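Any value given below was found using the heavy atoms of this structure, including those in side chains, with hydrogens, waters and symmetry copies removed. One-based numbering, in listed order, for ligands and for the atoms of each. Owing to the predicted nature of the structure, the values given are computational and were not obtained by experimental measurement.
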Amino acid sequence: MSVTVRVPAKVNVQLAVGAARADGFHDLANVFLAVGLYDEVTVTPAESLRVTCAGPDAGQVPLDRTNLAARAVELLGARYGRTPDVHIHIAKDIPVAGGMAGGSADGAGALVACDALWGTGASRGELIEICAELGSDVPFSLVGGAALGTGRGEKLEPLEVGGDFHWVFAVADGGLSTPAVYREFDRLTPDAPEPEASRVLLDALREGDAGALGGAVANDLQAAALSLFPSLVDTLAAGTDAGALAALVSGSGPTTAFLAADAGSARLIAEALVASGTCRTARVAGSPAAGATVL
Ligand code: C5P
């Protein structure tokens, strides 16, 4: 018997970052939007805990206990007195590049899959708590849709989305370390104000207004990501030149996100990005997308 769960990638349409806290994390106003690029995580009872991964970027995925999917199953097992003897298989379609929460998606997917396999009876609230232990972005991978994340991003308030938004993601050649990007943010922003969600942006999401959303997207980590990965400036310019309504670094990068007016425009922007030679590949995705779903 196996259980398979489908989990989406995300883009941060607003990432407002405050000053570093005593615990090293940063308070955020993090507006998450789930996008239609998915990993599928399958769990099957096995002799011992094991992770495998298939997909174009599978070679870059750690298969040891540092994989959030393995840690999710261990945490759930520890809570419910089960030995985590399962084979976790990840069919990976979310680019492994940073900034799209692919690792977080696998953590949430494995948790929901194993919970169904074992029939623990855990409440959704408990599962979200375990997600928060795994990482700041993991609770959102479970709930999907759109949400405002506060605290270090793990306290979620669902947001209404009044229409579909079309995105292009440019996958960079190379990576960025999230802690290094936050450190660079601290260096560049010695007096960061309290992070606050933008009313204009929340209204644009609720109204499904792509033009207004394009004018309101903002990522406080962008300057830090560009400082550490300067060639992303060229990627952003290539997408803007191709007609994107907005171009921004996704999360801590180095993936860049481009909002398009419609599906046709998204395809043209993706083609232009690939032709520009400023990224490894480009992917088109719609939003919002559902959270972790048992198939
Ligand atoms: O929570 P997660 O493990 O995804 O965080 C990875 C790193 O990102 C943290 O160790 C920290 O350096 C940085 N971070 C932060 N503030 C947040 C979220 C992440 O400083 N709100």
Task: Qualifying salt bridge (Lys or Arg N to Asp or Glu O under 4.0 Å) pairs, either residue in residues 100-117, two or more places apart - done: Lys92-Asp106
Open item on the list: For His89 and Thr42, which I'm curious about, is there any donor-acceptor pair between the side chains at under 3.5 Å?
Closed with: no
TODO: Using distance alone, with no hydrogens and no angle criterion, decide if Ser265 and His166 have a side-chain donor and acceptor under 3.5 Å apart.
DONE: no
Open item on the list: Any carboxylate oxygen within less than 4.0 angstrom of a Lys/Arg side-chain nitrogen, looking at Arg79 and Glu126?
Closed with: yes
Open item on the list: Less than 3.5 Å apart, any donor N or O on the side chain of Arg6 or Thr293 sitting next to an acceptor on the other?
Closed with: no
Task: Minimum side-chain heavy-atom gap Val294-Val3 below 4.5 Å - done: yes
- [ ] Below 4.0 Å from any atom of ligand 1, which residues have a heavy atom? Give them in chain and number order, please.
- [x] Gly24, Phe25, His26, Leu28, Gly135, Ser136, Arg152, Thr178, Pro179, Tyr182
